[in-house]
Amino acid sequence: MGRLTVLEQIAQDIAAEFGTDCEVVIHDLKTKEPEHSIIYIVNGHVTGRNVGDGPSDAVFDGIRQKGRGSDCAPADHNGYLMKTADGKILKCSTSYIKDDDGSLHYVFGINYDITKLTLINSALDDLITPKNKEEKPKQITHSVNDLLDRLIEESVKLVGKPVALMNKEDKVTAIQFLNDSGAFLITKSGDKVANYFGISKYTLYSYIDVNK
């Protein structure tokens, strides 16, 4: 099985896997008519091209380099964006295929039309992005004890230092956050919070009342 036949089979497989929005094209760099470099194409409707149509910039790069030896071969280029004349946005990959002697022979290109996906992404982004874009999803808790643990963790993050390094003002800040968050509505939460911050319940209540 020749190299071109293998490439054609791979092209068919890729197009079948990703559907009609995926164009796969093969250019011949050794053709005597470089202006008609396309020798095989699947789903050509993506770019409006057919067998016999001309080269892309990637193909021109190969044509310019193919006479300069294998060391000068252009590098494969994957995952870049292109735009068609009718406004389609394509995610593209280009591979340069060499013969056994190291000379460039084919350009194998994959051009996936992501236009519809970008529209979906835009709609989804508008739907799921909170008004405060810096807001992070909060963990779903399974019990009030889990909720209290999470609120305590958030109070420590708010202060920005572990309890062992907190001074009085830091603990006041953390405990008032817990109070504002409704933590002390949870039964016996005062005991747990006081123990966590290494203070008495009397001190806990005085911290809650600091700004009252």
Side-chain angles (χ1 to χ4, degrees), residues 1-140:
M1 185 180 292
R3 182 175 277 104
L4 178 57
T5 302
V6 173
L7 291 176
E8 291 175 352
Q9 183 176 341
I10 294 173
Q12 291 174 10
D13 291 343
I14 292 173
E17 177 71 19
F18 293 101
T20 57
D21 286 334
C22 182
E23 176 190 89
V24 189
V25 59
I26 302 173
H27 295 266
D28 183 2
L29 295 180
K30 291 188 176 181
T31 178
K32 294 180 180 179
E33 298 180 324
E35 67 274 15
H36 304 295
S37 63
I38 295 179
I39 57 171
Y40 190 81
I41 191 167
V42 187
N43 293 331
H45 60 270
V46 171
T47 60
R49 296 181 298 176
N50 298 286
V51 170
D53 282 342
S56 62
D57 290 341
V59 177
F60 272 124
D61 287 341
I63 292 173
R64 285 194 295 267
Q65 299 293 342
K66 71 184 181 73
R68 302 180 185 180
S70 59
D71 293 339
C72 297
D76 294 347
H77 192 188
N78 300 317
Y80 61 96
L81 297 180
M82 297 290 288
K83 189 174 183 179
T84 65
D86 59 356
K88 294 176 184 175
I89 301 173
L90 311 179
K91 185 177 182 181
C92 308
S93 291
T94 300
S95 299
Y96 295 91
I97 312 300
K98 299 177 182 178
D99 284 338
D100 292 337
D101 61 3
S103 61
L104 291 176
H105 195 159
Y106 301 108
V107 172
F108 188 91
I110 302 172
N111 305 305
Y112 193 88
D113 182 1
I114 62 171
T115 309
K116 289 180 287 188
L117 293 177
T118 60
L119 294 175
I120 293 172
N121 182 68
S122 177
L124 288 174
D125 184 67
D126 186 54
L127 180 64
I128 67 176
T129 301
K131 291 182 179 179
N132 177 6
K133 293 186 177 181
E134 295 181 357
E135 181 180 350
K136 295 182 179 180
K138 293 183 177 179
Q139 181 180 350
I140 295 177

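Small disclaimer: the values here were computed from a predicted structure and weren't measured. Note that the numbering runs from 1 along the sequence shown for the chain.
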Self-check item: Nearest heavy-atom neighbours spanning Gly79 and Ser93
Solution: N-OG, 3.2 Å
Quiz item: For Leu119, what residues pass the side-chain contact (heavy atoms from CB on, under 4.5 Å) criterion, not counting sequence neighbours?
Solution: none
Exercise. Before giving the answer on side-chain contact (heavy atoms from CB on, under 4.5 Å), spell out for Leu29 and His105 the whole-Å C-alpha distance, their side-chain angles and the decisive distance to 0.1 Å.
Key: CA-CA 5 Å; Leu29 295 180; His105 195 159; 5.7 Å; no
Self-check item: Test item: Met82 and Asn111 side chains (from C-beta on) under 4.5 Å apart, heavy atoms
Solution: no
Exercise. Sequence neighbours left out, what pairs pass side-chain hydrogen bond (donor to acceptor under 3.5 Å, both in side chains) with at least one residue falling in residues 10-19?
Key: Gln12-Tyr40
Quiz item: Can you check whether Asp76's main-chain N or O pairs, donor with acceptor, with Thr94's side chain at less than 3.5 Å?
Solution: no
Quiz prompt | Contacts of type side-chain contact (heavy atoms from CB on, under 4.5 Å), residue Asp86, not counting sequence neighbours | solution = Thr84, Lys88
Quiz item: With sequence neighbours excluded, what pairs up with Thr118 under the side-chain contact (heavy atoms from CB on, under 4.5 Å) test?
Solution: Ile89, Ile114
Quiz item: Where is the tightest heavy-atom contact between Asn43 and Thr20, given as atom of each residue plus distance?
Solution: ND2-CA, 3.6 Å
Quiz prompt | Rounded distance [0.5 Å steps], NE2 in His27 versus CD1 in Ile38 | solution = 4.5 Å
Quiz item: Should Lys91 and Leu81 be marked as a side-chain contact (heavy atoms from CB on, under 4.5 Å) after you check the CA-CA gap, both sets of side-chain angles, and the distance that decides it?
Solution: CA-CA 5 Å; Lys91 185 177 182 181; Leu81 297 180; 4.1 Å; yes
Quiz item: What closest approach, in Å, do Ile41 and Val51 show between heavy atoms, and which atom pair accounts for it?
Solution: CG2-N, 3.9 Å
Quiz item: What pairs with Tyr80 under ring pair (Phe, Tyr, Trp, His ring centres under 6.0 Å), at least two apart in sequence or on another chain?
Solution: His77
Quiz prompt | Where Ala15 and Cys22 come nearest, the two heavy atoms and their spacing | solution = CB-O, 4.1 Å
Quiz item: Between the main-chain N or O of Gly54 and the side-chain N or O of Arg49, is there a donor-acceptor pair closer than 3.5 Å?
Solution: no
Practice problem: Output, in order, the C-alpha distance, side-chain angles, deciding distance and verdict of side-chain contact (heavy atoms from CB on, under 4.5 Å) for Phe18 and Val24. | Solution: CA-CA 10 Å; Phe18 293 101; Val24 189; over 6 Å; no
Quiz item: About how many Å separate OH of Tyr106 and CD1 of Ile26, when rounded to the nearest 0.5 Å?
Solution: 8.0 Å
Exercise. Not counting sequence neighbours, which residues clear side-chain contact (heavy atoms from CB on, under 4.5 Å) with His36? List them please.
Key: Glu33
Self-check item: Closest approach of Asp113 to Val46 (non-hydrogen atoms, all atoms of both residues)
Solution: CB-CG1, 4.1 Å
Quiz item: For Ala75 and Tyr96, which heavy atoms make the closest approach, and how far apart are they?
Solution: O-CE1, 3.5 Å
Quiz item: Given the rule in the side-chain contact (heavy atoms from CB on, under 4.5 Å) test, do Asp99 and Lys30 qualify, once you have shown the distances and angles that lead to the verdict?
Solution: CA-CA 11 Å; Asp99 284 338; Lys30 291 188 176 181; 2.6 Å; yes
Quiz prompt | Nearest-0.5 Å distance, CD1 of residue Ile39 to CG of residue Asp53 | solution = 13.5 Å
Quiz prompt | Between CG on residue Leu90 and CG on residue Asp21, distance to nearest 0.5 Å | solution = 10.0 Å
